[in-house]
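Any value given below was found using the heavy atoms of this structure, including those in side chains, with hydrogens, waters and symmetry copies removed.
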Amino acid sequence: MLETGNLSIIMAGNAEPINEQEVAAKYGNIRSEMNQIYSKITELEMEVSEHSLVINAIQPLDPTRRCYRMIGGVLVERTIKEVLPAVQQNKEGIEVVISRLNEALERKKKELTDFETKYKIRIRKNDGESMDDNSKKEGSAQGVLVGPANA
């Protein structure tokens, strides 16, 4: 849950007052964008590992050996000496995209931190409260034995 210091907040670039719901919505949008970037990075890292597996599998083989590659949904026959450089180049390209996404993620994290500071946003941790509640419940039930109903 979000808490803000004021009911009406004015953005620096805007003279229009913004209420808590709009601040919360913008905060949620920033967090959502960060999650999308995390997801894309994870997806691309999986592709890099798949490319590495392919490279490691075909590198020791004879360069004139036939292999098949999917290009735009079409399976084409090539030789390893034609395919290996293309797969390595694709892997390098994906790694460049991952590094750019990591930079974008860092910018987004900074934007989120600045936004939290500007609007004094704090996130309540419900995990700690629920753990305390569970320990209280367990403590109050301590020493009670329950046996079969017909005993």
Q. With a 4.0 Å cut-off, would you call Lys110 and Asp114 a salt bridge?
A. yes
**Q.** Salt-bridge criterion met for Lys109 and Glu106 (N-O under 4.0 Å)
**A.** yes
Residue pair [X] / [Y], side-chain heavy-atom distance below 4.5 Å:
X	Y	answer
Asp62	Ile80	no
Ile121	Val23	yes
Glu111	Met34	no
Lys91	Glu95	yes

Side-chain heavy atoms under 4.5 angstrom apart, residues restricted to Ile, Leu, Val, Met, Phe, Trp, Tyr: same cluster for [X] and [Y]?
X	Y	result
Leu112	Ile41	yes
Ile37	Met46	no
Val97	Ile55	no

Would you give the length of the straight line joining atom [atom1] of [X] to atom [atom2] of [Y], rounded to the nearest 0.5 angstrom?
X	Y	atom1	atom2	result
Glu50	Leu44	CD	CG	11.0 Å
Leu105	Lys108	CG	NZ	10.0 Å
Leu61	Leu84	CG	CG	9.5 Å
His51	Glu92	NE2	CD	10.5 Å
Ile94	Ser99	CD1	OG	12.0 Å
Tyr119	Lys26	OH	NZ	8.0 Å

Q. Any idea which heavy atoms bring Met70 and Gly73 closest together, and the distance?
A. SD-C, 3.4 Å
Q) Quick one: salt bridge (Lys or Arg N to Asp or Glu O under 4.0 Å) partners of Glu77, sequence neighbours excluded? A) Arg66
Q: In sequence, state the C-alpha distance, the side-chain angles, and the governing distance for Val76 and Arg78, and then conclude on side-chain contact (heavy atoms from CB on, under 4.5 Å).
A: CA-CA 6 Å; Val76 295; Arg78 298 279 188 247; 4.3 Å; yes
Q. Among side-chain atoms of Glu116 and Tyr27, is any donor-acceptor pair under 3.5 angstrom?
A. yes
Q. With a 3.5 Å cut-off and no angle check, do the side chains of Thr64 and Lys81 form a donor-acceptor pair?
A. no
Q: Under the side-chain contact (heavy atoms from CB on, under 4.5 Å) rule, what do Leu75 and Arg69 come out as? Steps first, then yes or no, please.
A: CA-CA 6 Å; Leu75 194 61; Arg69 181 174 181 217; 5.9 Å; no
Q: Given salt bridge (charged side-chain N to carboxylate O under 4.0 Å, His left out), test Glu43 with Lys40 step by step and report yes or no.
A: CA-CA 5 Å; Glu43 177 187 332; Lys40 194 62 176 176; 3.4 Å; yes
Q | Donor-acceptor contact below 3.5 Å, side chain Ser32 vs main chain Gly28 | A | no
Q: Give the C-alpha distance, both sets of side-chain angles, the deciding distance and a yes or no for side-chain contact (heavy atoms from CB on, under 4.5 Å) between Asn102 and Arg107.
A: CA-CA 9 Å; Asn102 280 323; Arg107 286 192 304 271; over 6 Å; no
Q) Counting only heavy atoms not in Gln89, do more than 12 fall under 6.0 Å of its CD? A)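 12 or below, so no.
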Q: For the pair Thr79 and Arg65, evaluate side-chain contact (heavy atoms from CB on, under 4.5 Å) and give the outcome as yes or no after the intermediate values.
A: CA-CA 6 Å; Thr79 62; Arg65 185 173 175 171; over 6 Å; no
